[in-house]
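For reference, the structure discussed in these notes is given below.
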Amino acid sequence: MTIRLIIVDDDPLVRAGLTFMLGGADDIEIVGEGADGTEVAALVERTAPDVVLMDIRMPVMDGLAATESLRRLPDAPEVLVLTTFHADEQVLRALRAGAAGFVLKDTPPAEIVTAVQRVAAGDPVLSPAVTRQLMTHVAGGVPGPGAAQAATSRRAGAVERLDALGEREREVALAVGLGRSNAEIAAGLYMSVPTVKAHVSRILAKLGLNNRVQIALLVHDAEPAPDGGGTF
């Protein structure tokens, strides 16, 4: 299967480099390029891509707003965020909006190709360690009197949403939050891979989420603070 890809970045040199790099892959076809988030909707409508490689920082409409807009569409393409920062609040917000993962601009070419292929196949490009680093960055990066209250409120909301899940769905959600694959979840919970996939689909539908990354972030939101007690 050929992966139809759009590249969106305000730097023409970056776009040219990515086009050269990704266009050389046998299974990737560059079907469009954009210089700003305002161009994305029309590009997607015209070219029907499978994946959008999206710069997160652009002058008029940034990648966050463009991702939020795209992921609200039916049959939306997957979004892979492109950034120069590995611990950035905007990256986390893009992931919450439905991006399937992110890659750094200095990532080796072969790894960017692999990331596009994985996202097209429905696999998030985000390790549990990176997810936790992002969460820690956002929680601790902007200290202030309201930070603890905001974290408590976020956790309460996440716990309430997860409470809507059945027991097996909660077990699967927790395993997704730990970064486990469907095969690993199936082995750990003594169920078949198709059953795991069915549970993941029901979790996404019940919680109104787009992908496994958002399940993982919700699970992390529900976790107590290091000095707290109990589990969600």
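Separating the CG atom in L217 from the CG atom in L95 is a distance of 6.0 Å, to the nearest 0.5 Å. Considering CG of N182 and CE of M191, their distance stands at 10.5 Å, rounded to 0.5 Å. Note that the CG atom of L22 and the CD atom of Q117 stand 9.5 Å from one another [nearest 0.5 Å]. Taking CG of L64 as the reference point, atom CZ of R57 lies at 11.0 Å (rounded to 0.5 Å). We find the CG-CZ distance between L162 and R155 to be 10.5 Å, quoted to the nearest 0.5 Å. Annotation: the span from S181 atom OG to R212 atom CZ amounts to 7.5 Å, rounded to 0.5 Å.
Each of L189 and V193 belongs to its own hydrophobic cluster when Ile, Leu, Val, Met, Phe, Trp and Tyr are linked at side-chain heavy-atom distances under 4.5 angstrom. In the hydrophobic cluster analysis, where Ile, Leu, Val, Met, Phe, Trp and Tyr join through side-chain heavy atoms closer than 4.5 angstrom, V40 is grouped apart from M61. Hydrophobic cluster membership is shared by M21 and V14, with clusters built from Ile, Leu, Val, Met, Phe, Trp and Tyr side chains linked at under 4.5 angstrom.
Looking at every heavy atom in both residues, A158 comes nearest to A222 through CB-N, 3.7 Å. E78 and A100 get closest at one heavy-atom pair: OE1-CB, 3.7 Å. Across all their heavy atoms, V31 and T47 have their closest contact at O-CG2, 3.3 Å. Nearest heavy-atom pair across L43 and G32 is CD2-CA, 4.3 Å. L104 approaches T84 most closely through the heavy-atom pair CD2-C, 4.2 Å. Heavy-atom minimum distance, T67 versus A94: CG2-O, 4.0 Å.
At a threshold of 4.0 Å, the pair D55-K105 counts as salt-bridged, since one of the basic side-chain nitrogens sits closer than that to a carboxylate oxygen. In summary, R168 and E171 engage in a salt bridge, as defined by a charged side-chain N under 4.0 Å from a carboxylate O. For D221 and R161, the salt-bridge test fails: no basic side-chain N is under 4.0 Å from an acidic carboxylate O.
Listed for the R71 side chain is a donor-acceptor partner under 3.5 Å among the backbone atoms of P77. Side chain of D10 to main chain of M58: no donor-acceptor pair is present (N/O by atom type, distance under 3.5 Å, no hydrogens or angles). When atom types are taken as modelled, the side chain of E39 and the backbone of A35 share a donor-acceptor pair closer than 3.5 angstrom. Judged by distance alone, with hydrogens and angles left aside, the side-chain atoms of S69 form no donor-acceptor pair with the main-chain N or O of A66 at under 3.5 Å. Proximity of a side-chain donor or acceptor of E160 to a complementary backbone N or O of G157 within less than 3.5 Å is not detected. A distance-only check finds a donor-acceptor pair linking the side chain of R4 to the backbone of A48 [under 3.5 Å].
Looking at residues two or more places apart in sequence or on another chain, you find no salt bridge (Lys or Arg N to Asp or Glu O under 4.0 Å) involving K197. Applying the side-chain hydrogen bond (donor to acceptor under 3.5 Å, both in side chains) criterion to S192, with sequence neighbours excluded, gives T195.
Side-chain contact between M1 and I3 is present, with heavy atoms from C-beta onward closer than 4.5 Å. Using a 4.5 Å heavy-atom threshold, the side chains of P49 and L5 count as separate. At a threshold of 4.5 Å between non-hydrogen side-chain atoms, the residues I56 and L82 do not count as touching. Side-chain atoms of I215 and L207, non-hydrogen and from C-beta on, never get closer than 4.5 Å to each other.
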List the steps, then state whether side chain to side chain contact (heavy atoms under 4.5 Å, CB included) holds for I185 with V176. CA-CA 8 Å; I185 296 172; V176 170; 3.9 Å; yes
Might you work through the side chain to side chain contact (heavy atoms under 4.5 Å, CB included) test for L70 and M54, ending with a clear yes or no? CA-CA 11 Å; L70 271 187; M54 183 95 71; 4.1 Å; yes
Side chain to side chain contact (heavy atoms under 4.5 Å, CB included) assessment of V8 paired with L53: CA-CA 6 Å; V8 184; L53 184 58; over 6 Å; no
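Applying side-chain contact (heavy atoms from CB on, under 4.5 Å) to I28 and the options D50, V51, T2, V113 leaves one that passes, V113. Just one residue in the list V52, L80, T114, V103 forms a side-chain contact (heavy atoms from CB on, under 4.5 Å) with V119, and that residue is L80.
Heavy-atom neighbours of D26 CG from other residues, nucleotides or ligands within 6.0 Å: at or below the threshold of 12.
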